[in-house]
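First the structure, in the form of structure tokens, and then the observations on it.
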There are 2 protein chains.
Amino acid sequence: MSTRGRGLHGHVLDTLGPAITAGEYPPGSVLRTDELAQHFEVSRSVMREAVRVLESMHLVESRRRVGVTVRPKAEWNVYDPQVIRWRLAGADRPHQLRSLTVLRSAIEPVAAGLAAQHATAEQCAELTECALGMVANSRGHRLEKYLVHDVAFHRVVLTASGNEMFARLGDVVAEVLTGRTQHEVMFEDPDPAAVTLHVRLAEAVRERDAARAEELTRQITVGALEELDILAP
Amino acid sequence: MSTRGRGLHGHVLDTLGPAITAGEYPPGSVLRTDELAQHFEVSRSVMREAVRVLESMHLVESRRRVGVTVRPKAEWNVYDPQVIRWRLAGADRPHQLRSLTVLRSAIEPVAAGLAAQHATAEQCAELTECALGMVANSRGHRLEKYLVHDVAFHRVVLTASGNEMFARLGDVVAEVLTGRTQHEVMFEDPDPAAVTLHVRLAEAVRERDAARAEELTRQITVGALEELDILAP
DNA sequence: AGTCCCAAAAAGTCAGACTTATAAGTCACA
DNA sequence: TGTGACTTATAAGTCTGACTTTTTGGGACT
């Protein structure tokens, strides 16, 4: 997924992107296109294309007679899926995971409320199916399969909200959920309470109960926040 | 702001970006780099850089022997500030404005709650100052000055939340508020109730009352939704 | 100290030649 | 007639080298 061979400039980005987002080049650092091109053993044209992409992500700024300067973190396009992936793969993974989980806690309840109003019959069916899949794999160390259904569930909710901005967060949520299973403390079976909440949420959406869908999702996200010790006791 | 002379490729983007986001080239359309280069009277290298940027925004996909194909809207990086600006400037401005306002209604209340917990003394002061500025310009057709304080107010709240993802939405909110004042039905003075809510929100944050801050912001965003006739009665 | 001017530096631009992947068409064979 | 292997045309991808433009830092002169 991340190492799709989009050509040489893609390969350069796969190295340079993570390096910058990891803070390897601190803000204000100056890179020179020619040097980078030599270092990566590509032509200047290829290097320039890579720099343009980094520039469009607001990771760097290119100025004449100065070079390519790394911008402060606060200016980065932190919603760019590529940037998110790079950061999740790097050193400030925990920090990024927290930011995203807080974001989820804001978005998903509202999205669920809207989904209850706008979901098609097909989407309701998908939701129920996913919930059942979660139940079926909630015991006996079937985390992999559980995860697949969990991701699909949240993706459907976000899509069914009918809001394009919410829908596009599906990938982000997928990254967070996947990351939690793979790298965090999730060796045991998932919390039974969480599974139940998903089942009830599917019900609420099917019954067009927006308020209940929103509240149930809020409880789900509270659980996610607690897992990361974000919540004040 | 939008026509920053970042070189020739920037000029190309200023034309091509809006055209694509406006749906001028429907999804699946195939462009050819050479033709575009001729059309814009730039070299292939410059054109290629522009295409790379569009590609990083997931607006287009470049494939050998095929050309540069426009991707379906559902795959665009709709959080990219540049994409947002292009869409706000184009035909589906109303649609984009609605999406963003719904997004605000999800994010800002949570952000305000966090701001109440994390805002520094300085940020509290700024907030109060902005609220006073809003009050001072809420009557007598001073929409311009009112807007400045309104934008600054929301920006401080988002920043004070301490969450980088929220903070980066400051620009988006600014665009929405500005757009509302400039192009929508806002010839009269702002709603006094809204002004009061902002003043009370500044208070709530100063007094570290997270729950109240969240609820007040929810009311503010409900007002924004009503303005666009999004809310079900 | 202040101002003007120059030269170096690095990005920006261009043109042209060459390479590579691949969609699509062609043809032979079953 | 259908299928698989082969060929070809095409458009992106890559590289190189020369040239232009902007900017900054410093030096000379006041």
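So you know, we letter chains A, B, ... as the sequences are listed, proteins then strands, and number each from 1. Keep in mind it's a predicted model, so treat the numbers as computed, not measured.
- When DNA chain D is scanned 5' to 3' for any atom under 4.0 Å from a heavy atom of chain B, the first and last hits are D:dA9 to D:dT14.
- Base engagement by A:S45 is indicated by at least one non-hydrogen atom pair under 4.0 Å involving a base atom.
- Atoms CZ (B:F40) and P (C:dC14) sit 14 Å apart, rounded to a whole Å.
- Remark: side-chain polar atoms of A:N137 are paired, donor with acceptor, to backbone N or O of A:G133 under 3.5 angstrom.
- B:R44 comes within 4.0 angstrom of a base, heavy atoms only.
- One interatomic measurement links the two molecules: NE2 of B:H11 to C1' of C:dT13, which rounds to 15 Å at whole-angstrom precision.
- Applying the 6.0 Å contact sphere to CD of B:E75 captures more than 12 heavy atoms from other residues, nucleotides or ligands.
- The separation between B:H9 atom NE2 and C:dT13 atom P is 8 Å, rounded to whole Å.
- Within residues 48-56 of chain B, no residue is approached by DNA chain C to less than 4.0 Å at the level of any non-hydrogen atom.
- Around atom CD of A:E129, no more than 12 heavy atoms belonging to other residues, nucleotides or ligands sit under 6.0 Å away.
- Two residues, B:R65 and A:R63, neighbour DNA chain C, and the one matched to the more 5' nucleotide by heavy-atom proximity is A:R63.
- No side-chain donor-acceptor contact under 3.5 Å links A:H39 to the backbone of A:E35.
- Counting to the nearest Å, the P atom of C:dA10 and the CD atom of A:E35 are 8 Å from each other.
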Exercise for the section: Apply the test ring pair (Phe, Tyr, Trp, His ring centres under 6.0 Å) to residues B:H154 and B:H149: give CA-CA distance (whole Å), side-chain angles for both, the deciding distance (0.1 Å), then the verdict. Expected result: CA-CA 9 Å; B:H154 288 272; B:H149 290 96; over 10 Å; no
Donor-acceptor pairs are to be reported for all side-chain atoms of residues 96-104 of chain B against protein atoms at under 3.5 Å, with residues two or more places apart or in another chain.
unit_1 : atom_1 : unit_2 : atom_2 : d
B:R98  : NH1    : B:L228 : O      : 3.2
B:R98  : NH2    : B:L228 : O      : 3.2
B:S99  : OG     : A:E164 : OE2    : 3.1
B:S99  : OG     : B:H95  : O      : 3.2
B:T101 : OG1    : B:L97  : O      : 2.7
B:R104 : NE     : B:E108 : OE2    : 2.4
B:R104 : NH2    : B:E108 : OE2    : 2.9

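- Along DNA chain D, the nucleotide nearest A:V66 and the nucleotide nearest B:D34 are compared for position; the residue whose nucleotide lies closer to the 5' end is B:D34.
- Side-chain atoms of A:Y79 never come within 3.5 Å of backbone atoms of B:D80 as a donor-acceptor pair (strictly under, hydrogens ignored).
- When each of B:R32 and A:V46 is assigned the nucleotide of DNA chain D with its nearest heavy atom, B:R32 is the one assigned upstream, toward the 5' end.
- With hydrogens and angles left out, the side-chain atoms of A:R44 and A:T33 include no donor and acceptor closer than 3.5 Å.
- Computed from coordinates, the B:L13 CG to C:dG12 P distance equals 13 Å when rounded to whole Å.
- Side-chain atoms of B:R168 come within 3.5 Å of backbone atoms of A:W76 as a donor-acceptor pair (strictly under, hydrogens ignored).
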